[in-house]
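These notes concern the structure reproduced below.
Counting convention: from 1, in listed order, for ligands and their atoms alike. Atoms considered below: every heavy atom in the structure, side chains included; atoms not considered: hydrogens, waters and symmetry mates. If you're wondering where the values come from, they're calculated on a predicted model, not measured in any experiment.
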Amino acid sequence: MKLQQEVEETHTRYAQDYVNHLLETVVHRNPYETEFHQAVKEVFYSLIPVLAKNPKYIEYAILDRLVEPDRLITFRVPWTDDNGKVRVNRGFRVQFSNAIGPYKGGLRFHPSVNASIIKFLGFEQIFKNSLTGQPIGGGKGGSDFDPKGKSELEIMRFCQSFMTELSKHIGQDTDVPAGDIGVGAREIGYMFGQYKKLIGAYEAGVLTGKGIGYGGSLGRKEATGYGAVYFVEQMLNEKDLSFNGSTVVVSGSGNVSIYAMEKAMQLGARVVACSDSSGYIYHKDGINLDTIKRLKEVENRRCRDYVLEHPDAVYTEGCSGIWTIPCDIALPCATQNEINHLSAELLVRNGVKAIGEGANMPSTLEAIDIFLQHNVLFAPAKAANAGGVSVSALEMAQNSARLSWTMDEVDAKLQIIMKNIYRESMKASEEYGVPGNLVIGANIAGFVKVADAMLAQGV
Ligand code: GLU
């Protein structure tokens, strides 16, 4: 017995040393890519117990291979603005892993986009996509183009130029992009139109998040937000809690946020706040979602305009202040690192019971530690926001079969997928001695499938 314990301790120490050494290498080989380092760190530390139990993952250098994308493509995106001036942006596509299916992941158009952001997103996507149980690998892309303040025609010209280069690297069986921040059905439409023109064929499954009339899936728009709430509801139910009657704060007011609010409200929650990159609204009696949808989805306006129609609501400039609002459940659905240790401490002090990450990596590593130390139920992004890409995979399936499912059919499948992700993550957390730690559980459950496929396919 004692001998076995000693052997296990030796394996754990060996796995820890391996991970620490590899992390140093990652930092050294990818200098300044802080977001990428952060994402890798979170995953690697979670995997120590799996590596200790399965030394073959170390022997066959699975992690060394996973941190090096198959390829990172960067390219020039020239376009002309409405004044005839030539502008140049930088485009990216990272194809991280196709061990279990074609590369799959969104495109982000935002001025903050750089190699570090794209690589952190692509790396996360490997494990998220594996968790969905669908046959999709990990990829991501985007540009530092800022859609804010651009005209419709400028956006169209940009998307066409972006796709002119991207088209050389994607395909329905190789790499399937979709939306992310700054890329919705409109941008996907312009890119799909350009792709079709360039390749001369109707390859519907090359992009997901398309309009419903030309190959898009019902329920894709709602999927990330709905999925996050389905996942959190599972987690709450296990502790005899629920959205019903709870007070909820949701950051952001884009696609993920709007449909997270909608589903939380349908389940009986009072959503009291949401935000955009300028500031946040607090509406004590509950946010009016029709107003938010109109402002954001139709009129392209800012959150501050909400109070013009609802004078009993309060608008405050600046984003992080949203986490000072007391709530039972917080759903960060805006962007990476929006909750730091200070915001996490405030949320805990104000009695938050659960966090559900709708955005990608919205909590810093320090913030996650604070939530876990204080036994706050924590649904990590990889698991909680996997509903979007899951329905993307359903869109690909519908495109291949040349048919379309009803909203009810898609929603039923989404609910099953989110339940499975919860169950698999929970099971992995129990199997590896950290019951209920979904950060570790989700990382392990996502990793094992990819690692085993890599072993099976050889070096
Ligand atoms: N951008 C989304 C994500 O972070 C969706 C990706 C997709 O549908 O391919 O998962």
Side-chain angles (χ1 to χ4, degrees), residues 35 39 92-98 100-110 113 117-143 166 170-172 174-185 187-188 191-192 204-211 215-228 231 252 254-260 332-336 356-362 379-399 410 413-414 417-418 421 442 446:
E35 293 85 1
F92 297 90
R93 186 72 185 166
V94 69
Q95 298 178 333
F96 241 109
S97 164
N98 63 355
I100 62 167
Y103 307 107
K104 179 85 195 87
L107 298 169
R108 176 177 291 192
F109 291 169
H110 191 271
V113 163
I117 301 271
I118 294 300
K119 281 170 69 180
F120 113 66
L121 289 164
F123 184 74
E124 292 275 295
Q125 204 82 39
I126 306 173
F127 308 99
K128 182 197 310 196
N129 292 3
S130 163
L131 267 178
T132 68
Q134 317 278 327
I136 40 180
K140 202 85 190 190
S143 173
L166 187 69
I170 62 173
Q172 62 187 1
T174 48
D175 183 358
V176 181
D180 196 84
I181 294 172
V183 178
E187 291 73 17
I188 293 291
M191 286 191 269
F192 184 68
V206 70
L207 290 169
T208 60
K210 298 179 292 294
S217 175
L218 287 165
R220 173 61 188 89
K221 184 174 67 171
E222 296 84 353
T224 316
Y226 279 18
F231 188 93
N255 193 47
V256 180
S257 173
I258 287 179
Y259 294 96
C333 296
T335 194
Q336 68 270 358
E357 295 191 317
N360 286 312
M361 207 169 77
K382 253 179 232 98
N385 78 20
V389 76
S390 299
V391 175
S392 275
L394 299 182
E395 182 172 331
M396 290 163 72
Q398 292 169 79
N399 293 153
V410 175
K413 289 184 201 301
L414 173 63
I417 291 170
M418 297 316 293
I421 297 176

>> The criterion is salt bridge (Lys or Arg N to Asp or Glu O under 4.0 Å); which residues satisfy it with D175, sequence neighbours excluded?
In response: R93

>> Holding to salt bridge (Lys or Arg N to Asp or Glu O under 4.0 Å), I want the full list of residues that pass it with K104, two or more places apart in sequence or in another chain.
In response: none

When you check ligand 1 against the protein, what N or O pairs turn up below 3.5 Å? List the atom names and distances, or just say none.
from	atom 1	to	atom 2	distance (Å)
ligand 1	1 (N)	K140	NZ	3.2
ligand 1	1 (N)	G179	O	2.9
ligand 1	1 (N)	D180	OD1	2.8
ligand 1	4 (O)	K128	NZ	3.0
ligand 1	4 (O)	K140	NZ	3.0
ligand 1	4 (O)	N360	ND2	3.1
ligand 1	8 (O)	R220	NH2	2.9
ligand 1	8 (O)	S392	OG	2.6
ligand 1	9 (O)	K104	NZ	2.7
ligand 1	10 (O)	Q125	NE2	3.0
ligand 1	10 (O)	K128	NZ	2.8

> Is the side chain of E395 donor-acceptor paired with the backbone N or O of G209 at a distance under 3.5 Å, no angle test?
Replying inline: yes

Using a 3.5 Å cut-off and no angle test, enumerate the donor-acceptor pairs between side-chain atoms of residues 379-389 and protein atoms at least two apart in sequence or in another chain.
from	atom 1	to	atom 2	distance (Å)
K382	NZ	E42	OE1	2.9
K382	NZ	E124	OE2	3.3
K382	NZ	N443	OD1	2.7
N385	OD1	K128	NZ	2.8
N385	ND2	G358	O	3.1
N385	ND2	A359	O	3.0
N385	ND2	N360	OD1	2.9

>> Any heavy-atom pair between the side chains of K119 and F96 that's under 4.5 Å?
In response: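 Counting from C-beta outward, F96 and K119 do come under 4.5 Å.
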
> Are any of the side-chain heavy atoms of S392 and V176 separated by less than 4.5 Å?
Replying inline: no

